[in-house]
2 protein chains.
Amino acid sequence: MVADGISAGTGSYETPPSVAFLVSRVGFEVSSQLAAGLAPLGIEPRDFGLLRAIAQTEGESQRSIGQALSIPPSRMVTLIDDLERRRLVRRRPQPSDRRAHALYLTPAGKRLLDKAADVAMRIEMTLCAGLAPAEREELLGLLGRLAEGAAPPGVHPALAGAGRE
Amino acid sequence: MVADGISAGTGSYETPPSVAFLVSRVGFEVSSQLAAGLAPLGIEPRDFGLLRAIAQTEGESQRSIGQALSIPPSRMVTLIDDLERRRLVRRRPQPSDRRAHALYLTPAGKRLLDKAADVAMRIEMTLCAGLAPAEREELLGLLGRLAEGAAPPGVHPALAGAGRE
DNA sequence: TATTGTTATACTCTATAACTATA
DNA sequence: TATAGTTATAGAGTATAACAATA
């Protein structure tokens, strides 16, 4: 099970009216839902992130993608090994640098990525089911402003762990 | 480092305009900030949650608090051992049932809990610094409605992990 | 016989460092 | 000598199951 950390002590004990607390709590729930929704597809949230990254930068080297996602090289080996074994990703030799492996999605990988995106979309719809379209827009705007202010300028380390830091 | 899971693949690659994604991303950031802010106090988010739970149910048994937070008994032993070694928590025999240990905060534990609450409050203030008071209220309301709809009825398993699932 | 706390153990996840093959 | 990928290894964190004392 994924584990959040900040929502710690939620339970039946207390529910401080704090944005930080609520965001963390809902974020945790959403993470769990994503993991549960992805499980039938045989992948985890981190694989989803990896597949997306590969899809959007086809041909990039293993290390380069790992760096962008803050995944150390040795970990990338295991993760890509796994995806390659399932025929979702392929390592191809790079003519320009024979040390490097360029990563590509297989057709099966692309199909799976589409299915995973569907799962994510369904979660979004369920999550916002109680909100009017205008309310959802309002929420998106407010959260976006929080994200801008709070996030470190570059990439944030989200793929690294299993549950939640 | 704490790790979220759903925010996977954030990086420089993509930023879907999704509430689920944004909530998870910001929630992850907040968790990291809490961990960082608590570190100088010598505790982690899960300890914070545990201290709060004990503070609000003084005298409850170890098992009972563990159950409320979805922490297995064997894990509670280690966690409470740790807090007791630092003189933040005390186990006291229960006259009614000599198998059970009732948990109490020491004065030092209460002081530390106060400090931790300050840390959390500062994070909240920083997070919402860019929002007008009315906007923050709006956000609280919208998030509250998400939390109601998305959360399972009872307790949610947040204390289990280290950072974020 | 069931339950509280504990211990022992095994498993998963992850990162660090050493290694190889190229550059 | 530096870098891409790999392998080996060791550490942290966690859960499961066996155990002792008490109910």
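Each chain gets a letter, A, B and so on, in the order its sequence line appears, and its residues count up from 1.
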### Query
Can you give one letter per nucleotide of nucleotides 5-12 of chain D, going 5' to 3': B for a protein heavy atom under 4.0 Å from the base, S for sugar-phosphate only, - for none?
BBB-----
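Residue order along DNA chain C, read from the 5' end via each residue's closest nucleotide, puts A:Pro72 first among A:Asp97 and A:Pro72.
The CD-P distance, from A:Gln94 to D:dT3, rounds to 17 Å in whole Å. Atom CG in B:Leu79 sits roughly 10 Å away from atom P in D:dA15 (whole-Å rounding). Between B:Ile71 atom CD1 and C:dT6 atom P the separation is 14 Å, expressed in whole Å. Between A:Arg98 atom CZ and C:dT20 atom C1' the separation is 14 Å, expressed in whole Å. Spacing between atom CG of A:Asp82 and atom C1' of C:dT14 amounts to 15 Å, rounded to whole angstrom units.
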### Task
Test salt bridge (Lys or Arg N to Asp or Glu O under 4.0 Å) on B:Arg111 and B:Asp114 and set out the steps.
CA-CA 5 Å; B:Arg111 284 195 298 272; B:Asp114 283 343; over 6 Å; no
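For the pair A:Glu124 and A:Arg136, the salt-bridge criterion is met [side-chain N within less than 4.0 Å of a carboxylate O].
Linking Ile, Leu, Val, Met, Phe, Trp and Tyr whenever their side-chain heavy atoms come within less than 4.5 Å puts A:Leu22 and A:Leu140 in one cluster.
The line from CD1 of B:Ile71 to OG1 of B:Thr78 is 10.5 Å long, rounded to the nearest 0.5 Å.
Counting heavy atoms of neighbouring residues, nucleotides and ligands inside a 6.0 Å radius, atom CZ of A:Arg91 exceeds 12 of them. More than 12 heavy atoms of other residues, nucleotides or ligands sit less than 6.0 Å from atom CZ of A:Arg86.
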